[in-house]
A.B. asks: 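Would you mind keeping the following structure in view while I ask a few things?
Order of the sequence lines sets the chain letters (A, B, ...), proteins ahead of strands, with each chain counted from 1.
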Number of protein chains: 2
Amino acid sequence: MAAARPAAQPRRVAARSRATRADAVATLREAAEPRSAEAGAAPPRRKRLAHEAAILQAAERVFAGAGFGGATMAEIAKAAGLPKPNLHYYFGSKKALYRAVLERTLREWLEPADCIVATAEPREALERYIREKMRLSFARPYASRVWANELLHGAPELRTTLVRTLRPLMRRKVAVIDQWMAEGRMAPVDSSHLFFTIWAATQTYADFEVQICAVLGCASLDRAAQARATQHVVSLILRGCGLA
Amino acid sequence: MAAARPAAQPRRVAARSRATRADAVATLREAAEPRSAEAGAAPPRRKRLAHEAAILQAAERVFAGAGFGGATMAEIAKAAGLPKPNLHYYFGSKKALYRAVLERTLREWLEPADCIVATAEPREALERYIREKMRLSFARPYASRVWANELLHGAPELRTTLVRTLRPLMRRKVAVIDQWMAEGRMAPVDSSHLFFTIWAATQTYADFEVQICAVLGCASLDRAAQARATQHVVSLILRGCGLA
DNA sequence: CCTACTTTTGACCATTTGGTCAATTATGCG
DNA sequence: CGCATAATTGACCAAATGGTCAAAAGTAGG
């Protein structure tokens with residue numbers, strides 16, 4: 001199926017055979033930042049990068065709004081301002097595009113944890129982590145929702161990524177927190193579950209924004225409301241960790 | 001379209017015209033507990049109730065697993081052990097069935113808040129509330145996920161329900177918490193956001209179970225793990241509220 | 001048994017949708 | 001310019017899916 005094929009459109013063919021593989025990481029590198037570091041290839045055309053970014057952004061919004069099953073390639077194409085076959089030319093399939101969106105999100109999501117290291121001051125590091133997560137929730141709600149949607153439905157596309165990428169990282173971070181507690185620098189809490197609580201408390205502002213706005217009686221959270229929410233989460237959790 | 005129609009299957013026709021209306025509450029009463037309190041109608045047949053319950057349960061599981069867009073009526077029918085036209089006979093349309101699932105969940109979800117009343121002891125009431133939410137998350141993960149999925153996608157089906165049902169209830173509960181704080185019985189926190197944090201921290205165990213299991217390295221949370229999670233959330237939040 | 005009804009079910013659409021393809025148009029380069 | 005390659009796009013298809021229907025099969029009461 002992938003072999004016998006007219007010699008035209010080599011890039012697209014490559015993308016399709018790639019998408020068939022289960023190797024999520026490879027798909028990530030190639031689909032999200034295609035050929036940026038490839039052997040003797042010409043430097044990526046500006047237009048290509050721009051189009052891919054536009055598609056990715058449109059896909060993120062549409063997937064966030066309707067889930068994988070509810071989103072349609074036609075809608076994504078319209079949102080990106082490109083004809084539908086173009087999406088397939090760049091990303092191969094709906095699933096590959098979806099995965100590209102997810103992988104990009106994962107990268108962004110893991111970054112804030114960089115500040116959690118053994119040498120840091122617990123209170124300062126945790127506060128910074130929480131604030132960064134809150135900032136991300138408000139700045140990129142669509143990305144958060146696509147991620148949440150994927151988890152909600154059992155993570156069919158990135159179960160292996162969770163185990164191979166997220167779990168090792170979390171083991172390290174959990175060890176840092178445990179060390180802080182062993183040194184008596186914070187109250188004893190379950191460090192793994194502390195992360196779950198922080199993730200939940202922060203991302204709820206992106207994922208369940210409608211519910212929050214409905215309860216608060218506002219159309220959306222303005223700067224002041226965002227600051228209030230951030231302050232609430234930070235102080236509640238820090239106090240919960242005996243870091244007030 | 002709904003008018004000219006052979007006189008047969010009156011119930012089904014009624015269900016369809018009902019589903020067309022935007023009145024979610026009416027749909028709730030009729031679809032979830034059909035004709036239980038209707039005028040001179042015969043007592044509901046046992047079989048009917050059993051079938052409706054089976055469909056509702058199957059729908060909950062399938063909607064939770066694939067979202068509204070990704071779920072198919074055929075799959076729900078198979079899960080319920082009934083032929084597909086039967087679903088339409090009982091619930092009229094996919095959307096009406098989806099809404100019936102949501103409305104049932106909302107009712108269950110609001111109940112635990114009953115224990116939050118001004119006369120109660122803050123610490124005891126909050127702990128009981130959190131424990132009940134955790135219990136629900138573990139006992140009915142599918143319901144939680146359908147609800148989360150609906151919110152995630154902007155609550156197209158129950159935006160009005162949120163404003164008309166959830167918001168009034170929360171105003172009352174928030175007032176209770178504020179009173180407790182005014183009486184100096186707990187640390188000052190933003191009471192609205194306290195609820196958002198509790199919801200997020202508890203329901204994350206249902207909604208994002210895969211992620212939690214992936215990080216913890218287990219296939220699912222057994223009784224002991226559930227108890228540990230519950231203890232963590234309870235103590236973290238109570239301490240955060242100055243109720244330790 | 002008969003009558004009026006509810007319920008069940010296999011077969012059947014119309015529409016939507018992911019994906020394909022061949023033809024056409026840019027684009028870079030020698 | 002002329003050639004090869006990359007990118008674009010309108011038209012199209014096979015499969016899936018929500019929903020429909022009419023006929024058959026219960027079922028309760030007289």
A.B. asks: Could you tell me whether the phosphate oxygens of C:dT8, OP1 or OP2, come under 4.0 Å of any side-chain nitrogen or oxygen in B:Y90?
C.D. replies: yes

A.B. asks: If the plane angle is over 60° it's perpendicular, under 30° parallel, otherwise tilted; pick one for A:F138 and A:Y205.
C.D. replies: tilted

A.B. asks: Return the value, rounded to whole Å, for the distance between atom NZ of B:K78 and atom C1' of D:dG18.
C.D. replies: 18 Å

A.B. asks: Assess whether one donor atom and one acceptor atom, taken from the side chain of B:K84 and the base of D:dG19, lie less than 3.5 Å apart.
C.D. replies: yes

A.B. asks: Surrounding CD of A:Q226 (heavy atoms of other residues, nucleotides or ligands, distance under 6.0 Å), is the total greater than 12?
C.D. replies: yes

A.B. asks: Please report the distance, rounded to the nearest Å, between NZ in B:K94 and P in C:dT15.
C.D. replies: 18 Å

A.B. asks: Starting at CZ of B:F68 and ending at P of D:dT17, how long is that distance when rounded to a whole Å?
C.D. replies: 13 Å

A.B. asks: Taking it one step at a time, do B:E75 and B:K78 satisfy salt bridge (Lys or Arg N to Asp or Glu O under 4.0 Å)?
C.D. replies: CA-CA 5 Å; B:E75 202 180 343; B:K78 208 178 97 186; over 6 Å; no

A.B. asks: Ignoring the backbone of B:T72, work out which of D:dG10, C:dA11, D:dG18 is nearest its side chain.
C.D. replies: D:dG18

A.B. asks: Rounded to the nearest Å, what distance is computed from the NE2 atom of residue B:H88 to the C1' atom of nucleotide C:dG10?
C.D. replies: 15 Å

A.B. asks: With a 3.5 Å cut-off and no angle check, do the side chains of A:E150 and A:Y98 form a donor-acceptor pair?
C.D. replies: yes

A.B. asks: OH of A:Y89 versus C1' of C:dT24: gap in Å, rounded?
C.D. replies: 14 Å

A.B. asks: Verify the contact: side-chain N or O of B:H51 to OP1 or OP2 of C:dT8, cut-off strictly under 4.0 Å; return yes or no.
C.D. replies: yes

A.B. asks: Roughly how many Å is it from CG in B:L87 to C1' in C:dT8, rounded to a whole number?
C.D. replies: 12 Å

A.B. asks: Heavy atoms under 4.0 Å, any strand shown: does B:A71 hit a base, just sugar-phosphate, or nothing?
C.D. replies: sugar-phosphate

A.B. asks: Could you tell me the separation between the CG atom of B:N86 and the C1' atom of D:dA24, rounded to a whole number of Å?
C.D. replies: 14 Å

A.B. asks: Rounding to an integer number of Å, can you tell me how far A:L82 CG sits from D:dG10 P?
C.D. replies: 12 Å

